[in-house]
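Notes follow once the structure below has been shown.
Note on naming: letters A, B, ... go to the chains in the order of the sequence lines (proteins, then strands), and numbering restarts at 1 for each one.
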Protein chains: 2
Amino acid sequence: MPKTPRRHQEDLASLFSLGFSALNEELHERLNELGFGDFRPMHGFLFQGLIPDGATAKTLVELLGISKQAVSQMLDYLEERGYVVRKPHPSDGRGKLVVLTERGQALMKAKESIYSTIESRWGAIIGNDRLQMMRSDLKRIIESVSEGDAPKKLRPSW
Amino acid sequence: MPKTPRRHQEDLASLFSLGFSALNEELHERLNELGFGDFRPMHGFLFQGLIPDGATAKTLVELLGISKQAVSQMLDYLEERGYVVRKPHPSDGRGKLVVLTERGQALMKAKESIYSTIESRWGAIIGNDRLQMMRSDLKRIIESVSEGDAPKKLRPSW
DNA sequence: AATATGAAGTCAATTAAACTGACCAATTTT
DNA sequence: AAAATTGGTCAGTTTAATTGACTTCATATT
């Protein structure tokens with residue numbers, strides 16, 4: 001019974017993508033168990049822009065690389081479900097400051113904890129030193145890439 | 001002028017995502033210059049399933065983790081533009097075998113070449129040994145993750 | 001051999017999440 | 001004080017996914 005040839009993805013793009021998928025799928029499974037089932041993968045990218053002090057929609061647009069209307073819709077969704085609030089902006093009357101609610105912060109805490117569990121499991125596989133190496137090498141590469149160019153969008157586009 | 005605080009993404013999920021974005025954006029810029037402007041990022045994942053001998057839609061569905069109708073639509077798109085052909089399946093009259101055309105193969109070659117250019121640039125940043133380490137560590141992690149579990153989808157979902 | 005069940009793929013209609021365009025209110029520039 | 005710019009929303013549109021219904025061929029059960 002010739003089952004699943006299990007072809008090997010060798011190129012870095014596939015490896016990054018699979019690595020991300022692995023992290024992300026487990027994260028959202030766990031979050032779902034914790035009652036955050038309405039939090040979708042894309043929202044994680046947005047949340048990255050909200051720590052530690054909140055952000056304007058403008059900032060999120062730049063971070064995510066999507067239209068401001070799309071950001072606004074996502075914020076509606078997240079606000080309805082109690083993850084974020086739009087406050088008036090302290091210094092700019094046009095703008096609004098989006099901040100995490102208690103619930104949003106609880107989710108971020110859960111996220112940290114879940115990631116750290118996964119990462120320590122990964123550390124057991126390749127060694128903690130190697131995992132740290134990977135992290136710091138990746139950081140260097142990404143810094144270097146986003147130097148000359150326009151800074152890369154956090155969210156991959158496809 | 002407090003410009004772009006350049007906050008640092010430290011967690012692996014962000015790093016993988018940014019790494020993927022960097023690769024992918026440059027890839028598609030170059031492909032566009034080479035006349036493959038109608039080839040979209042998502043199609044790259046599908047192509048991975050077609051090498052070396054083609055595949056059925058069924059297989060692609062499993063690989064990509066999307067509905068068979070969605071795969072069928074993507075194939076329509078790619079077939080119209082001359083990247084793939086649907087042939088009758090040699091041993092199963094229901095199925096069709098999707099294979100790369102000349103043009104599709106040319107694109108794959110271009111892709112290889114572009115990735116290898118980028119990777120050698122990255123090798124210059126962190127050292128080739130470290131880049132190989134990253135690649136092999138990633139492979140080990142991904143193998144290990146997809147062992148017990150259902151195998152991870154190639155395409156991240158968000 | 002006949003029929004039932006399942007699998008591969010397509011057609012059609014729908015939904016979701018992005019998009020563009022038009023606009024308002026507040027700010028900054030001249 | 002206009003004029004131009006900026007942050008954000010409202011409305012309508014496109015696109016890529018979805019689900020549902022169906023056809024054809026394959027496999028299993030009598």
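- Picking from D/dA17, C/dG9, D/dG7 the nucleotide with the shortest atom distance to the side chain of B/Ala70 gives D/dA17.
- If you take CD1 of A/Ile66 and P of D/dT14, they are 20 Å apart, rounded to a whole angstrom.
- For B/Asp92, the listed nucleotide lying nearest its side chain is D/dA26; candidates were C/dT27, D/dA26, C/dC19.
- Closest to the A/Lys96 side chain, of the nucleotides D/dA11, D/dG8, D/dA17, is D/dG8.
- Along DNA chain C, the nucleotide nearest A/Gly93 and the nucleotide nearest B/Ala55 are compared for position; the residue whose nucleotide lies closer to the 5' end is B/Ala55.
- Here the straight-line distance linking atom CG of B/Leu46 with atom CG of B/Leu78 works out to 6.0 Å at 0.5 Å rounding.
- With C/dG9, D/dC25, C/dC19 as the candidates, the nucleotide lying closest to the side chain of A/Gln73 is C/dC19.
- Following rounding to the nearest Å, A/Met74 (CE) and C/dA18 (P) show an atom-to-atom distance of 6 Å.
- Once rounded to the nearest 0.5 Å, the distance linking CD of A/Glu119 with CG of B/Asp11 reads 7.0 Å.
- Straight-line distance from the CZ atom of B/Phe45 to the C1' atom of D/dA16: 15 Å, rounded to whole Å.
- A perpendicular orientation is assigned to the rings of B/Tyr83 and B/Phe47, their planes being inclined by more than 60° (bins at 30° and 60°).
- For A/Arg94, the listed nucleotide lying nearest its side chain is C/dA25; candidates were C/dT20, D/dT24, C/dA25.
- Between the CG atom of B/Asp76 and the P atom of D/dA17 there is a distance of 13 Å, rounded to whole Å.
- For the atom pair A/Leu63 CG and A/Gln48 CD, the distance stands at 8.0 Å (nearest 0.5 Å).
- Expressed to the nearest 0.5 Å, how far NZ of B/Lys139 lies from CD of A/Glu10 amounts to 3.5 Å.
- Proximity of a side-chain donor or acceptor of B/Arg81 to a complementary backbone N or O of B/Tyr77 within less than 3.5 Å is detected.
- You'll find that the side chain of B/Lys68 is closest to C/dA8, out of C/dA8, D/dA17, C/dC19.
- The side chain of A/Arg40 lies closest to C/dA17 when the candidates are C/dA17, D/dT18, D/dA11.
- Each of A/Val71 and A/Ser91 has a nearest nucleotide on DNA chain C; the 5'-most of these lies closest to A/Val71.
- When the side-chain nitrogen and oxygen atoms of B/Arg86 are compared with OP1 and OP2 of C/dT10, one or more of them lie within a distance under 4.0 Å.
- Across the protein-nucleic acid pair, A/Lys58 atom NZ and D/dT6 atom P stand 8 Å apart, rounded to whole Å.
- Rounded to whole Å, atom P of C/dT10 lies 13 Å from atom CD of B/Glu80.
- The distance between atom NE2 of A/His89 and atom C1' of D/dG8, rounded to the nearest whole Å, is 13 Å.
- The side chain of B/Gln69 lies closest to C/dC11 when the candidates are C/dC11, C/dA22, C/dA18.
- The shortest distance between the side-chain N/O atoms of A/Ser72 and the OP1/OP2 oxygens of D/dT9 is below 4.0 Å.
- Closest to the side chain of B/Thr56, from the set C/dA26, D/dA11, C/dG9, is C/dG9.
- Whole-Å rounding puts the B/Leu78 CG to D/dA16 C1' distance at 13 Å.
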